[in-house]
Amino acid sequence: MAAIELSSLHHKILPLFRVERLTVVASRSVSIPPIEYPAELPITAHRQSLLQLVAEHRVIIVCGETGSGKSTQLPKILLESGLGRRGMIGHTQPRRLAARSIAARIAEELGTTGDSRVGYKIRFGDQTSSETLIKLMTDGILLAETQSDRDLRDYDALIIDEAHERSLNIDFLLGYLLRVIERRPEFRLIITSATIDAQRFAEHFSIQGNPAPIVMVEGRGYPVDIRYLPWTDVNRDAEDEDDNYDLGQHVIAGIDNVCRSGGGDVLVFLPTERDIREVSHQTAGHFKRLGLATRVDVLPLYARLPQAEQQRIFHPTGDRRRIVFATNVAESSLTVPGIRYVVDAGTARISRYSPRSRVQRLPIEAVSRASCDQRAGRCGRVAPGICVRLYSQEDYENREAFTTPEIRRTNLASVILQTLTLRLGSIDQFPLIDPPRPDAIRQGYRTLRELGAVDDHDQLTDIGRRLGRMPVDPRVGRMILAADEFGVLPEVLVIAAAIEVQDPRERPQDKRQAADEAHEKFQHPRSDFLSFLKLWRFYQQQRESVSHSKLDRICRGNFLSPQRMREWCDVYRQLREMVVQSPPWLPEQKSAPGRAQRRQVGAPRFSENEDEVIDAGRYTTIHQALLTGLLSGVALAGDKNEYTGAGGLKLFLWPGSGVFAAKPKWIVAGELVETTRQYARTVAAVQPEWIEPLAEHLVKKSYSDPHWSNKSGGAFCYQQVSLFGLPIVTRRRLALSPLDPATARQLMIDEGLANDEMPTTARSVRFNRQLVALIAELAAKTRRREYVIDPYNIRNFYASRLPDFVCDRVRLEKYDK
DNA sequence: GTTAGGGTT
């Protein structure tokens with residue numbers, strides 16, 4: 001009966017749906033603006049051939065350097081080809097800023113500024129609607145959409161831009177999209193890359209053995225003259241590149257080299273913030289000695305630099321020659337305008353996850369040839385440029401062609417969790433361009449087991465399913481689930497958001513002391529996690545009482561980045577909203593459809609005691625919740641400043657930590673990072689006894705020193721409980737009989753019964769004792785010592801008579817009845 | 001005694 005009703009309903013709905021769909025397509029077609037292409041962009045010359053390729057191929061690879069116009073013109077070409085009617089033309093960017101600004105440029109070119117026909121969607125901003133034809137978004141947003149739109153049917157076509165960056169998101173999407181292509185013949189995909197690794201992409205997207213076509217679009221850049229200036233050319237006495245090496249001198253030689261070629265701004269690539277500080281200082285001294293101090297501006301540039309100082313680079317004033325000292329941030333994330341010369345030290349800090357030690361390493365390494373070329377390309381945008389490489393041509397030619405993709409350098413827990421929650425099968429079956437190493441996959445599963453996200457058979461658990469749907473790192477997700485259970489969500493949500501965003505505390509190189517003094521009032525002596533809460537309390541109090549602009553001023557006065565504080569608030573609000581709404585959040589059995597599950601999450605419960613921030617009782621619970629996500633971050637203090645972490649790892653406290661001075665015996669660390677040393681950052685003092693109930697699935701138990709107690713009438717032993725080799729419980733005295741009844745029985749017989757020392761009410765034992773005593777008395781009187789029943793005989797007697805389960809006094813007395 | 005850079009339902 002129900003089936004008939006359903007099917008008749010089905011017939012009524014389906015035609016309606018089709019009509020509506022046609023109406024949507026028609027109205028979207030009408031709304032398409034006239035399309036024109038700027039003649040000066042190189043990609044415009046490829047329009048005809050691209051249109052033809054789109055008609056014939058499901059996937060196209062477009063290789064184009066900066067300035068080729070690919071990012072702005074490709075969506076228009078897809079729109080002209082007839083796509084974008086049934087679904088949108090999606091276009092992904094690695095960064096939010098780029099997604100927004102490219103959307104604005106396309107809208108301007110199409111004359112749609114002011115409506116949402118060209119829209120964008122990023123984490124905290126959705127500017128799209130049902131009329132959106134072209135949708136810019138971060139690749140993370142598209143990845144998130146796969147959870148609710150499996151075949152990505154919202155889109156007629158997708159452009160994955162900057163694929164050469166090979167971030168985790170991009171690699172995952174490229175694997176995912178291969179399957180979408182297989183299921184949707186009408187769907188179109190364009191992959192763009194700024195480097196010449198196109199062949200890999202083309203082969204990945206082979207259809208029936210035919211690789212995807214590649215279109216090469218020339219850039220609009222000017223030629224760049226490459227010069228090689230290895231250290232042995234600067235310091236002629238040096239026998240090799242390491243001999244007496246001085247990075248400052250080397251860089252100055254490079255700057256002098258390009259300065260002799262004429263006026264223009266210089267961009268210097270260096271690996272670390274510290275190098276930027278030291279080398280820019282040396283360079284300033286160099287120009288001062290030459291009497292040219294007033295002719296140059298020395299400017300640092302790195303991601304952590306306060307916004308105001310970054311602005312000096314993007315809004316130049318005066319006519320001095322600017323020398324910008326930058327990290328990798330200037331290679332792809334930020335474009336420094338007007339650069340004529342590049343000096344490239346050829347190195348960068350590269351993150352590499354060490355699965356064995358669970359530490360994120362940040363070694364300084366030689367960058368790939370692709371990266372060297374990208375850096376050189378930064379000076380050919382306004383006029384012919386010169387790039388001086390502080391290494392030899394031979395060195396360049398021997399380098400890796402491309403930077404190792406992130407998927408080969410990171411903890412895979414989150415990627416594996418996604419393949420499991422999206423039911424994509426096992427990760428080694430998933431079509432990734434660069435499959436991760438098997439041991440990296442194993443360690444990824446190990447992390448998931450640590451979190452209880454998978455069981456011993458690597459099957460997704462209820463916790464895993466919930467973590468997979470949360471927009472945070474699985475460790476942070478785990479803390480949030482525990483916080484809900486333990487009743488400390490208000491505090492842990494603030495802390496979780498803080499862990500997810502970049503640290504808002506700024507420490508400008510020339511005002512480090514002032515910054516440290518300003519931050520001191522936020523430091524909690526036992527927990528850096530509670531320092532976040534102190535900072536939060538301060539910010540929220542100010543926010544309630546002062547204007548926006550005043551709030552920003554207060555932030556800067558306290559060396560806090562206003563932008564990052566806002567990001568923190570945004571992430572906090574998103575997490576709170578997630579918790580308040582039921583579906584991804586509650587355990588599956590509870591999220592019955594139709595049941596309203598609106599919950600309340602209030603503000604953190606602050607203590608009356610300003611410095612403590614949180615009452616002592618809640619300290620325990622909050623840190624227990626944090627521990628559920630950070631069990632492999634537990635460490636024990638050792639000699640001097642050393643700590644021992646999971647698996648015997650040697651660690652040092654981060655010197656900027658609020659607990660640095662206290663050096664607590666047991667800590668939990670939010671991060672383990674190896675730079676100059678292996679550091680535990682974002683640390684809190686914990687009690688080892690908090691850990692055991694949270695780590696039942698991970699701890700190992702061992703027992704020692706079995707011994708007998710006449711007083712208790714039972715055998716005991718000492719238990720040691722260890723977590724990743726750390727003794728969280730030592731010498732816990734336990735009754736032996738439940739653990740090892742045979743040994744307990746033996747001890748009872750040997751020590752309690754054979755020596756007649758155990759007090760007992762057991763009648764047979766008392767009778768035997770009286771009998772033994774009587775015989776002993778008679779033997780003494782008659783001087784017949786051979787009749788004495790010695791302990792050896794008593795032991796043998798009980799050993800042969802007592803059943804196996806009689807292993808302590810209580811059981812003995814019960815058996816006796 | 002002090003970290004390269006991005007991103008998320």
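Since we're looking at a predicted model, the values are computed, not measured. Below, chains carry the letters A, B, ... as their sequence lines are ordered, and counting in each starts from 1.
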Side-chain atoms of A:Arg95 come closest, of B:dG7, B:dG1, B:dA4, to B:dG7

Indicate, with a heavy-atom threshold strictly under 4.0 Å, whether A:Ile141 touches base, sugar-phosphate, or nothing.
-> sugar-phosphate

A:Tyr391 and A:Tyr396 aromatic ring geometry - parallel, tilted or perpendicular at 30°/60° bounds | parallel

Round to a whole Å and report the spacing from CD1 of A:Ile407 to C1' of B:dG5.
-> 18 Å

Distance test, side-chain N/O of A:Ser332 to OP1/OP2 of B:dG6, below 4.0 Å = no

Is A:Ser351 touching bases, backbone alone, or none of the nucleic acid, heavy atoms closer than 4.0 Å?
-> base

Does some side-chain heavy atom of A:Glu145 sit less than 4.5 Å from a side-chain heavy atom of A:Tyr155?
-> yes

What does A:Glu671 touch in the nucleic acid at a heavy-atom separation under 4.0 angstrom: a base, only the sugar-phosphate, or nothing?
-> base

Is there a donor-acceptor pair closer than 3.5 Å between any side-chain N or O of A:Thr410 and the backbone N or O of A:Glu406?
-> no

Base, sugar-phosphate alone, or nothing: which one does A:Ala303 contact when heavy atoms must sit under 4.0 Å apart?
-> sugar-phosphate

Determine whether more than 12 heavy atoms belonging to other residues, nucleotides or ligands lie under 6.0 Å from atom NZ of A:Lys650.
-> yes

Pick base, sugar-phosphate or nothing for A:Ser333, based on heavy-atom distances below 4.0 Å to the nucleic acid.
-> sugar-phosphate

Contact under 4.0 Å: A:Gln502 side-chain N or O vs B:dG6 OP1/OP2 = yes

Within the pair A:Arg274 and B:dA4, is there a side-chain N or O less than 4.0 Å away from OP1 or OP2?
-> no

